[in-house]
Colleague: 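The structure that follows is given in the form of structure tokens.
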Amino acid sequence: MNKQIILLPGDGVGKEIVESAKLVLNTVASEFGHRFTFHQHAIGGDAIDQYGTPLPEDTIKACHHADAVLLGAVGGAKWDSLPAHVRPEKGLLGIRKSLGLFANLRPIKGFAPLLHASPLKEDVVKGSDILIIRELTGGLYFGKPSERREDGNVVVDTLHYQRSEMERIIDKAFQSARLRNKHLTSVDKANVLESSRMWREIVNEKSKNYPDVTVEHLLVDAAAMKLITQPDQFDTIVTENLFGDILSDEASVLTGSLGMLPSASVRTDGVGLYEPVHGSAPDIAGKGIANPLGMILSAALMLRHSFQMDEEAAEIEEAVNACLDQGYHTADLQMKDGKLVGTKEMTETVVENLTTKSVSNSICSMYV
Ligand code: NAD
Ligand code: IPM
Ligand code: MN
């Protein structure tokens with residue numbers, strides 16, 4: 001298959017890890033006889049520096065015409081004092097909105113060799129396999145007005161959702177739960193927020209169309225606690241934009257590091273943007289020590305969700321598992337008796353495992 005892929009490295013470690021994904025995808029292409037053509041464009045702080053805007057028209061246009069988009073990360077102290085509408089993060093929010101990517105899938109599954117890498121007890125983490133489905137183009141992130149008033153002493157952010165925006169993400173969540181263990185946890189704050197009350201109503205209405213899926217409602221504060229005390233009680237989680245942002249960083253602790261988590265931002269027709277859950281990690285950027293695995297696993301999600309290349313995606317996931325099994329780890333992963341490596345070496349090890357196919361059989365298709 002021939003595919004056109006847009007690369008948006010962005011800022012900080014984004015630049016380093018997108019290179020890793022490219023190398024791994026080129027290896028997959030030659031192993032499976034595909035042709036991936038990469039086109040690199042600017043976003044975030046990098047785009048502000050080059051073009052004076054975090055999301056140039058040229059980048060938007062290229063993403064709309066591509067088969068899929070891979071994004072590293074945006075942001076950094078250099079741009080933190082800029083006004084909100086020209087911050088790097090606006091570039092990321094803008095491309096998600098422009099492409100209509102309302103569903104952000106964040107799978108959290110511990111790799112067996114990393115069970116002891118979590119600061120949580122091994123028997124708490126064991127068996128956790130969660131898919132967080134985060135609404136991505138509504139809520140507090142996009143509601144208007146969002147402004148400072150009265151000489152800067154009053155602030156307003158608006159949590160805005162249309163019924164149809166809630167319906168489509170909740171449908172997506174039921175459909176995803178169906179392909180997994182058929183248990184959906186809807187997370188909200190219905191004891192306080194009107195938006196959450198409508199959300200809960202819609203979940204209850206929709207559940208009648210999916211009688212095979214069991215539904216549970218949890219308030220977000222309790223969900224945050226349960227996520228790290230009884231993670232094996234979750235299967236699929238659906239929640240609004242901000243709650244999903246926070247809960248997914250928290251859930252990364254189950255895997256040993258934020259650097260391990262991939263994500264897929266999709267709409268209903270398979271078009272997608274794939275990015276790790278973490279940010280530009282300014283504290284380690286430029287040092288060559290960032291964990292590339294969240295990014296590499298995002299490339300695997302791209303193969304599965306946008307290109308229907310299930311076998312190729314599974315091979316990447318198996319190669320990642322094999323590296324960890326062999327003891328390779330970056331500095332963010334606390335591994336006993338492992339081999340500490342940097343971004344480049346970790347990537348080369350994934351590539352080596354892909355080409356020799358000397359993979360362990362302890363996992364097969366990790367993500368749905
Ligand atoms: P962050 O996710 O960048 O970093 C949090 C911590 O995790 C840091 O200690 C960092 O070193 C570590 N970490 C993150 N990714 C890692 C990796 N691949 N390997 C090893 N360690 C890793 O969050 P932050 O520090 O709060 O934010 C930094 C900047 O990134 C901000 O400007 C923020 O807006 C932006 N951000 C961007 C995205 C994105 O582009 N998708 C996501 C989150 C934050
Ligand atoms: C993420 C990030 C972004 C978000 C920021 C950088 C706008 O935290 O992708 O999780 O909040 O969506
Ligand atoms: Mn986040």
Side-chain angles (χ1 to χ4, degrees), residues 8-21 43-48 54-55 69-82 84-97 101-106 108 114 117 119 132-142 146 157 239-253 255-265 273-298 320 329-335 340-344 346-347:
L8 305 177
D11 309 316
V13 298
K15 291 191 195 309
E16 301 163 47
I17 57 175
V18 162
E19 276 310 305
S20 302
I43 196 165
D46 176 44
I48 296 172
L55 186 58
V69 182
L70 278 180
L71 184 138
V74 298
K78 182 177 175 191
W79 306 281
D80 275 352
S81 54
L82 291 172
H85 66 285
V86 285
R87 282 180 62 107
E89 291 81 355
K90 263 284 185 255
L92 177 58
L93 300 178
I95 196 65
R96 289 171 178 168
K97 190 76 170 176
L101 306 171
F102 66 90
N104 184 222
L105 314 181
R106 298 186 159 186
I108 300 116
L114 290 182
I132 296 184
I133 301 191
R134 168 190 178 195
E135 199 292 323
L136 201 61
T137 50
L140 271 169
Y141 279 65
F142 294 93
S146 171
D157 283 302
T239 191
E240 65 88 52
N241 203 342
L242 183 62
F243 296 161
D245 178 45
I246 299 167
L247 291 180
S248 50
D249 265 34
E250 186 198 5
S252 77
V253 171
T255 69
S257 168
L258 182 54
M260 290 301 300
L261 284 205
S263 91
S265 302
L273 179 150
Y274 300 85
E275 52 174 322
V277 168
H278 65 76
S280 58
D283 52 338
I284 58 163
K287 295 184 179 164
I289 59 169
N291 184 346
L293 297 181
M295 181 79 239
I296 290 171
L297 293 168
S298 301
V320 166
H329 69 100
T330 42
D332 53 310
L333 291 166
Q334 308 299 315
M335 271 178 95
L340 177 65
V341 292
T343 312
K344 213 162 160 269
M346 192 70 180
T347 307

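Indexing begins at 1, ligand by ligand and atom by atom, following the structure's order.
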Colleague: To check you understand the geometry: which heavy-atom pair defines the closest contact between His278 and Val13, and what is its length?
Modeller: CE1-CG2, 3.9 Å
Colleague: Can you produce the list of protein nitrogen or oxygen atoms under 3.5 Å from a nitrogen or oxygen of ligand 1, alongside each distance?
Modeller:
from	atom 1	to	atom 2	distance (Å)
ligand 1	2 (O)	Gly279	N	2.7
ligand 1	3 (O)	Gly279	N	3.4
ligand 1	3 (O)	Ser280	N	3.3
ligand 1	3 (O)	Ala281	N	2.8
ligand 1	9 (O)	Asp283	OD2	2.9
ligand 1	11 (O)	Asp283	OD1	2.7
ligand 1	11 (O)	Asp283	OD2	3.1
ligand 1	15 (N)	His278	ND1	3.2
ligand 1	18 (N)	His278	NE2	3.2
ligand 1	18 (N)	Asn291	O	3.0
ligand 1	19 (N)	Asn291	N	2.9
ligand 1	30 (O)	Val74	O	3.4
ligand 1	30 (O)	Ser280	N	3.1
ligand 1	30 (O)	Ser280	OG	3.2
ligand 1	32 (O)	Gly76	N	3.3
ligand 1	32 (O)	Glu89	OE2	3.1
ligand 1	34 (O)	Glu89	OE2	2.5
ligand 1	40 (O)	Val74	N	2.8
ligand 1	41 (N)	Glu275	OE1	3.2

Colleague: Between Asp11 and Lys78, is the closest basic N to carboxylate O distance under 4.0 Å?
Modeller: no
Colleague: Shortest non-hydrogen contact from Pro119 to Val253?
Modeller: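 Minimum heavy-atom contact is CG-CG1, 3.7 Å.
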Colleague: Using every non-hydrogen atom in the two residues, find where Ser263 and Ser298 come nearest and quote the distance to one decimal.
Modeller: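 Looking at all heavy atoms of both residues, the closest pair is N-OG, 3.4 Å.
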Colleague: Heavy atoms, side chains only, cut-off 4.5 Å: are Ile95 and Leu55 in contact?
Modeller: yes
Colleague: Rounded to the nearest 0.5 Å, how far apart are OG1 of Thr330 and CD1 of Ile284?
Modeller: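 The distance works out to 8.0 Å.
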Colleague: Report yes if Glu89 has an N/O atom closer than 3.5 Å to an N/O atom of ligand 2; otherwise report no.
Modeller: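 In this structure, Glu89 places no N or O atom under 3.5 Å from an N or O of ligand 2.
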Colleague: I'd like to check which ligand 2 atoms, numbered from 1 as shown, lie under 4.0 Å from a non-hydrogen atom of Arg106.
Modeller: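 In order of numbering, the contacting atoms are 1 (C), 9 (O), 10 (O).
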Colleague: What is the minimum heavy-atom distance between Arg106 and Arg134, and which atoms define it?
Modeller: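 Result for this residue pair: NH2-NH1, 3.2 Å.
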Colleague: Checking contacts here: is it the side chain or the backbone of Lys90 that comes within 4.0 Å of ligand 2, counting heavy atoms only? Could be both or neither.
Modeller: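 For Lys90, no heavy atom sits under 4.0 Å from ligand 2.
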Colleague: Which residue owns the protein heavy atom closest to atom 2 (C) of ligand 2, what's the atom, and how far is it?
Modeller: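 Of the protein heavy atoms, Asp245 OD1, 4.0 Å lies nearest.
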Colleague: Quick one: report the N, O or S atom of Asp245 that is nearest to the Mn ion (ligand 3).
Modeller: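 Atom name returned: OD1.
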Colleague: Answer side chain, backbone, both or neither: which part of Arg96 comes under 4.0 Å from ligand 2, heavy atoms only.
Modeller: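 The side chain, only.
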Colleague: For Lys97, look at atom NZ and say whether over 12 heavy atoms of other residues, nucleotides or ligands are found less than 6.0 Å away.
Modeller: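 Above 12, so yes.
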Colleague: Show your reasoning for whether side-chain contact (heavy atoms from CB on, under 4.5 Å) applies to Asp46 and Lys15.
Modeller: CA-CA 10 Å; Asp46 176 44; Lys15 291 191 195 309; 3.5 Å; yes
Colleague: Could you tell me whether some N/O pair between Tyr141 and ligand 2 is separated by less than 3.5 angstrom?
Modeller: yes
